[in-house]
Novice: 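Got a structure for you, written out below as structure tokens; questions coming shortly.
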Amino acid sequence: MAASMVGICCYVWRRGSCNLLGPATLCLTRRSKFHSSSSAHHGLLLSLHKRGVLKDSFPENAAQDQLPRLLQSGAQTVYCGFDPTADSLHVGNLLALIGLLHFRGAGHHVIAVLGGATAQLGDPSGKTSEREQLSADVVEANTHSIRESIQRIFTNHELHFHDGSRPLGTVTVLNNLSWYKNWGVVGFLSEAGRHFRMGTMLSRHSVQSRLKSAEGMSLTEFTYQVFQAYDFHHLNQVYGCKIQLGGTDQLGNLMSGHEYIHKVSGEEVYGLTIPLVTSTVGDKLGKTAGNAVWLNRDKTSPFELYQFFLRQPDASVEGYLRLFTFLPLAEVEKLMEQQREDPSKRLAHKRLAAEVTKLVHGKEGLETAKRCTNALYHSSVQALEEMSDEELQELFREAPFHELLLEPGTTVIDACRKVGAIPEGPRGYQMVSDGAVWINHTRTDNPEQVLIPKLHILANGLTLLRVGKKNFYIIKWLSL
């Protein structure tokens, strides 16, 4: 482990604190293991299962008896891990964060563990080949970026979604490198390794599937479950954490943690799984599938996130409203009734897109997404005028951005040639004359037309130039 990553990354937030840290379908198992109860905390588990946020529990009988009693006994600590194998989380990770947010909203304490150590090993769960090895410096940078993203989402939830009816639990963000930094290989294996049995480790689905593949499995990946199990043990001993959340592909790792803790301390701990979001062809909707929708603005803009959920198939919308929003289920049902009465209004789609965008990027991000939508799909000049340079560049990511001096008498043909939007000579002149050029959503066919403020140059000093159907150019005019 690199010395540059040594040191604990821990942030604790409490209620009232302001300085906190392609189409998809989802198949949900509707058979509930969380039976009805007068207990509000049993009700939490039942509600989360009805929403589809929780799928299974480990041990299997825990959801029916032990876990509800534990939650009823007082505020508990729940954790979920995120390996910083990229510089941003993606929408597939969002459901895990939403699970933590539901527990926090019910007054329980939550921990997000960033795998500064385990990211350097690589989790084999759900993978057909070994991850590319990451340097310590890359992992450190990824950890910092993801920590900021988690901070933003928890802050947005507290500001925009928590009704204040009950106190929020605390949020702690840790880097698991902090408790491995002083371990040596021999010491760790002597302390932790003796409690793991090869037969059990080999029987895990994530191991079996890889051992049967042509590539096989490295020792590094094989030991991943030992480290995740030890993470749970460390959190149990230091923070009293008894509940771990993880994707369904993490069930084997959850079992390893439960078994290790039971052997070492005899403590009863529990695992809860959340369903995996998959694409329409059944692939896990994550970064390795090549279709990731990211939670960091510099990788997926608020507009792109908004459009991703707005374009979901009709059959997916109700399930996504249950999963990705905090709307009461009765309100979800009402929205779906309104949608069925007039599908053309797409009220459910719009509410879904708005709720998720506001959670991930806040109210300002949602307003950005709406302005971009109006500017691009509704040809709104007003929306263009209200957009910042950053928003325009996010909306037209592939569009060249030019800063030009606005000289007196600058014409349409001058502007087009300065940004390289048309060919030189008669051919470019003819393209403008034929109406192939649009300025701020308005077709122009006079090459010699002098640019007019408020028509060709918006109040924010910007011009959106389009040639043909898809070739955009953004011009920011600088006064002489």
Side-chain angles (χ1 to χ4, degrees), residues 9-13 20-21 44-45 48-49 51-58 62 67 71 75-86 88-106 108-119 123 125-126 142-143 146-147 149-154 157 168-177 179 224-225 227-236 238-258 261 269-277 284 286 295 323-324 359-360:
C9 296
C10 173
Y11 297 80
V12 180
W13 312 311
L20 311 180
L21 180 104
L44 171 65
L45 296 177
L48 292 180
H49 188 81
R51 299 189 76 96
V53 176
L54 294 185
K55 188 173 183 183
D56 293 308
S57 64
F58 185 84
L67 191 52
L71 293 172
Q76 299 301 314
T77 300
V78 184
Y79 107 90
C80 187
F82 304 90
D83 275 351
T85 52
S88 172
L89 298 177
H90 51 77
V91 74
N93 302 124
L94 185 57
L95 199 54
L97 289 172
I98 286 174
L100 291 179
L101 289 167
H102 277 292
F103 275 97
R104 188 192 183 205
H108 300 290
H109 309 306
V110 298
I111 299 175
V113 173
L114 305 182
T118 45
D123 184 1
S125 303
N142 291 348
T143 301
I146 290 175
R147 185 171 62 246
S149 181
I150 292 174
Q151 167 188 342
R152 184 182 69 249
I153 291 171
F154 273 91
H157 175 261
L168 289 168
T170 61
V171 183
T172 307
V173 178
L174 302 171
N175 181 348
N176 69 4
L177 186 61
W179 53 85
Y224 185 92
Q225 59 182 296
F227 284 86
Q228 185 164 328
Y230 188 83
D231 285 349
F232 199 0
H233 167 69
H234 176 83
L235 296 173
N236 175 254
V238 177
Y239 296 92
C241 179
K242 295 183 178 181
I243 303 168
Q244 180 181 179
L245 284 181
T248 52
D249 61 345
Q250 294 290 310
L251 184 58
N253 293 334
L254 267 64
M255 289 178 174
S256 294
H258 174 274
I261 292 170
V269 295
Y270 308 91
L272 294 171
T273 64
I274 55 178
L276 297 179
V277 185
K284 181 179 175 182
L295 303 186
L323 284 172
F324 290 106
L359 175 65
V360 176

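These numbers come from the heavy atoms of this one structure, side chains and all, not from hydrogens, waters or symmetry mates.
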Novice: Is there a donor in the side chain of Gln250 and an acceptor in the side chain of Asn253, or the other way round, less than 3.5 Å apart?
Specialist: yes
Novice: Tell me every residue that passes side chain to side chain contact (heavy atoms under 4.5 Å, CB included) with Thr77, counting only those two or more places apart in sequence or in another chain.
Specialist: His109, Ile111, Cys241
Novice: Might you work through the side chain to side chain contact (heavy atoms under 4.5 Å, CB included) test for His49 and Val53, ending with a clear yes or no?
Specialist: CA-CA 6 Å; His49 188 81; Val53 176; over 6 Å; no
Novice: Hey, could you give me the CG/CG distance between Asn142 and Asp83, rounded to the nearest 0.5 Å?
Specialist: 10.5 Å
Novice: Please report the interatomic distance CG(Leu44) to CZ(Phe103), rounded to the nearest 0.5 Å.
Specialist: 5.0 Å
Novice: Would you say the side-chain atoms of Arg152 pair up with the backbone N or O of Leu359, donor to acceptor, closer than 3.5 Å?
Specialist: no
Novice: For Leu177, does its backbone N or O pair with a side-chain atom of Asn175 as donor and acceptor, under 3.5 Å?
Specialist: yes
Novice: Without swapping roles, check the side chain of Asp56 against the backbone of Thr273 for a donor-acceptor pair under 3.5 Å.
Specialist: no
Novice: What's the spacing between Leu54 CG and Leu95 CG if we round to 0.5 Å?
Specialist: 9.0 Å
Novice: Tell me, please, which residues at least two apart from His258 pass side chain to side chain contact (heavy atoms under 4.5 Å, CB included).
Specialist: Phe58, Pro59, Glu268, Val269
Novice: Check the side chains of Thr118 and Asn176 for a donor-acceptor pair under 3.5 angstrom, ignoring hydrogens and angles.
Specialist: yes
Novice: So, Arg104 side chain and Gly169 main chain: donor-acceptor pair closer than 3.5 Å or not?
Specialist: yes
Novice: For the CD1 atom of Ile146 and the OG1 atom of Thr85, what is their distance to the nearest 0.5 Å?
Specialist: 7.0 Å
Novice: Kindly write out the residues that satisfy ring-ring contact (aromatic ring centres under 6.0 Å, His included) with Tyr79, not counting sequence neighbours, or none if the list is empty.
Specialist: Phe232
Novice: Please check if the side chain of His108 supplies one atom and the backbone of Gln76 the other of a donor-acceptor pair under 3.5 Å.
Specialist: yes
Novice: To check you understand the geometry: which heavy-atom pair defines the closest contact between Pro275 and Gly52, and what is its length?
Specialist: CG-O, 3.1 Å
Novice: Does Leu245 reach the side chain of Leu254, with side-chain heavy atoms less than 4.5 Å apart?
Specialist: no
Novice: Say you draw a straight line from CG of Leu272 to CG of Leu67; how long is it, rounded to the nearest 0.5 Å?
Specialist: 5.5 Å
Novice: Taking it one step at a time, do Trp179 and Asp231 satisfy side chain to side chain contact (heavy atoms under 4.5 Å, CB included)?
Specialist: CA-CA 9 Å; Trp179 53 85; Asp231 285 349; 3.0 Å; yes
Novice: Taking side chain to side chain contact (heavy atoms under 4.5 Å, CB included) as the definition, give me every residue that meets it alongside Phe82, ordered by chain and number, with sequence neighbours left out.
Specialist: Cys80, Leu89, Asn93, Ala96, Leu97, Leu100, Ala112, Leu114, Ile150
Novice: Among all residues two or more places apart in sequence or in another chain, which pass the ring-ring contact (aromatic ring centres under 6.0 Å, His included) test with Tyr270?
Specialist: none
Novice: Does His102 have any ring-ring contact (aromatic ring centres under 6.0 Å, His included) partners at least two apart in sequence or in another chain, and if so, which?
Specialist: Phe326
Novice: Determine whether the aromatic ring centres of residues His233 and Tyr230 are separated by less than 6.0 angstrom.
Specialist: yes
Novice: Decide side chain to side chain contact (heavy atoms under 4.5 Å, CB included) for Ile153 and Leu295; before the verdict, give the C-alpha distance in whole Å, the side-chain angles of both, and the deciding distance to 0.1 Å.
Specialist: CA-CA 9 Å; Ile153 291 171; Leu295 303 186; 3.9 Å; yes
Novice: Show your reasoning for whether side chain to side chain contact (heavy atoms under 4.5 Å, CB included) applies to Gln225 and Met255.
Specialist: CA-CA 9 Å; Gln225 59 182 296; Met255 289 178 174; over 6 Å; no
Novice: How many angstroms lie between atom CD1 of Ile261 and atom NE2 of His234, to the nearest 0.5 angstrom?
Specialist: 11.5 Å
